[in-house]
Amino acid sequence: TDYELVNRFIDHAVDIGATNWLAVGGDWFNQDFWSQYDYKQPGADVPRELRASSATMARLLDVFPEVYLTFGNHDTRLHKVLKYAVEFSKTMSWLFSDLPDDYRKRIKISNLDHLIIESAQGPYYLAHPAAYNTKPLTTAIDLAAKELKHVITAHSHHTAIGHDRSGQFVVAEIGGFFAPWKTQYLKRTTKYPK
């Protein structure tokens with residue numbers, strides 16, 4: 001996590017008065033220590049990530065009355081280790097078990113990889129799709145045609161905004177608050193854009 005980006009985001013939300021709630025489109029934390037694909041990052045361990053996860057959520061809940069979480073592919077690492085014995089929302093709630101009750105009650109965790117945000121401009125479909133495309137907005141544009149809604153996607157590592165093919169729906173990719181120089185799989189040679 002790049003905490004400078006997280007803090008800049010929170011400060012900006014406060015500055016513009018956009019603090020009614022926050023939705024996180026999956027991949028709350030990397031959960032590198034459970035990855036089956038990479039050697040572990042220096043300092044990657046369960047206690048450290050739990051502390052960082054709780055501290056970050058506490059900081060968000062100091063600003064936002066409610067935080068909504070959907071699942072992403074990194075979040076499912078813990079779920080997979082537990083052999084899917086417990087529903088995803090329960091698994092994720094364990095990450096915040098050391099937060100006070102009044103904070104934990106304000107965390108809304110979905111068992112789905114998406115949620116619908118109602119707005120004056122129409123519904124937004126916020127999703128963490130399994131699909132990935134090197135061309136920014138491609139997945140969001142395809143989902144807008146399928147869902148007939150404005151679409152915001154996570155997972156792609158892109159940050160972009162535009163419109164669907166019809167021009168009727170706003171589409172966006174929200175990137176993430178990750179530090180690519182700290183993340184092993186992002187250091188490899190790849191055709192994917194930076």
Side-chain angles (χ1 to χ4, degrees), residues 1-14 18-115 117 126-130 152-157 159 173-187:
T1 303
D2 184 336
Y3 293 104
E4 181 183 339
L5 283 176
V6 174
N7 286 314
R8 284 174 46 202
F9 164 76
I10 293 169
D11 292 343
H12 182 68
V14 170
T19 58
N20 293 344
W21 50 268
L22 175 68
V24 178
D27 288 355
W28 170 249
F29 265 68
N30 190 24
Q31 300 192 33
D32 175 67
F33 42 83
W34 282 312
S35 173
Q36 63 183 339
Y37 301 109
D38 292 301
Y39 66 86
K40 307 309 165 226
Q41 310 303 322
D45 59 54
V46 174
R48 182 176 179 176
E49 186 140 340
L50 289 174
R51 284 191 305 273
S53 176
S54 289
T56 303
M57 183 57 78
R59 170 89 165 95
L60 291 172
L61 289 168
D62 285 341
V63 174
F64 300 96
E66 293 180 315
V67 174
Y68 296 85
L69 297 175
T70 66
F71 79 79
N73 56 304
H74 288 259
D75 304 315
T76 58
R77 289 174 173 175
L78 172 57
H79 205 212
K80 185 176 182 179
V81 165
L82 297 172
K83 300 186 187 292
Y84 308 101
V86 185
E87 66 182 10
F88 175 77
S89 60
K90 181 73 167 177
T91 303
M92 283 298 288
S93 70
W94 292 339
L95 295 179
F96 311 113
S97 61
D98 60 341
L99 290 176
D101 285 346
D102 61 315
Y103 275 51
R104 286 196 323 266
K105 289 177 185 173
R106 295 170 28 215
I107 304 168
K108 313 299 182 190
I109 304 171
S110 173
N111 286 317
L112 301 174
D113 65 352
H114 65 278
L115 57 84
I117 301 167
L126 171 65
H128 193 102
I152 302 168
T153 62
H155 183 70
S156 69
H157 298 194
T159 304
E173 292 180 336
I174 56 176
F177 295 130
F178 52 88
W181 60 91
K182 294 180 183 177
T183 307
Q184 187 58 39
Y185 74 91
L186 295 177
K187 295 178 185 178

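Within 6.0 Å of the NZ atom in Lys108, the count of heavy atoms belonging to other residues, nucleotides or ligands exceeds 12. Within a 6.0 Å radius of CZ in Arg8, no more than 12 heavy atoms belonging to other residues, nucleotides or ligands are found.
Atom CG of residue Leu22 and atom CG of residue Leu69 lie 8.5 Å apart, to the nearest 0.5 angstrom. Atom OG1 of residue Thr70 and atom CZ of residue Phe88 lie 7.5 Å apart, to the nearest 0.5 angstrom. One distance of note links CD of Glu87 with OG of Ser93; it measures 9.0 Å at 0.5 Å rounding. For the atom pair Leu5 CG and His12 NE2, the distance stands at 13.0 Å (nearest 0.5 Å). Between the OG1 atom of Thr153 and the CD1 atom of Ile174 there is a distance of 7.5 Å, given to the nearest 0.5 Å. Taking CZ of Phe177 as the start and CG of Asn7 as the end, the distance is 10.0 Å to the nearest 0.5 Å.
With hydrogens and angles disregarded, no donor-acceptor distance shorter than 3.5 Å links the side chain of His128 to the backbone of Asp113. For Ser53 (side chain) and Leu50 (main-chain N/O), no donor-acceptor pair under 3.5 Å exists by modelled atom type. At distances below 3.5 Å, at least one donor-acceptor pair connects side-chain atoms of Ser54 with backbone N or O atoms of Leu95. Asp75 contributes a side-chain N or O that, together with a main-chain N or O of Gly72, makes up a donor-acceptor pair within less than 3.5 Å.
Listed here is the closest heavy atom pair of Phe96 and Arg104: O-CD, 3.0 Å. Residues Tyr68 and Leu115 approach most closely at CB-CD2, 4.0 Å, considering heavy atoms. Nearest heavy atoms, Arg106 versus Pro65: NE-O, 2.7 Å. In terms of heavy-atom proximity, Ala154 sits nearest to Gly25 at CB-O, 3.1 Å. In plain terms, the two heavy atoms of His74 and Phe29 that are nearest each other are CB-O, 3.6 Å.
A heavy-atom distance below 4.5 Å is not found between the side chains of Trp28 and Ile109. Two residues are said to be in side-chain contact when any heavy atoms from C-beta on lie closer than 4.5 Å; Thr1 and Thr56 fail this criterion.
Asp62 has no carboxylate O lying under 4.0 Å from a charged side-chain N of Arg59, or vice versa, which leaves the two without a salt bridge.
The ring-ring contact (aromatic ring centres under 6.0 Å, His included) check on Phe64 picks up nothing, with sequence neighbours excluded. Under the ring-ring contact (aromatic ring centres under 6.0 Å, His included) criterion, Tyr84 pairs with His79, sequence neighbours left out.
Exactly one residue among Asp101, Leu99, Ile107 makes a side chain to side chain contact (heavy atoms under 4.5 Å, CB included) with Tyr103. That residue is Leu99.
Looking only at atom types and distance, the side chain of His155 has no donor-acceptor partner in the side chain of Asp27 under 3.5 Å away.
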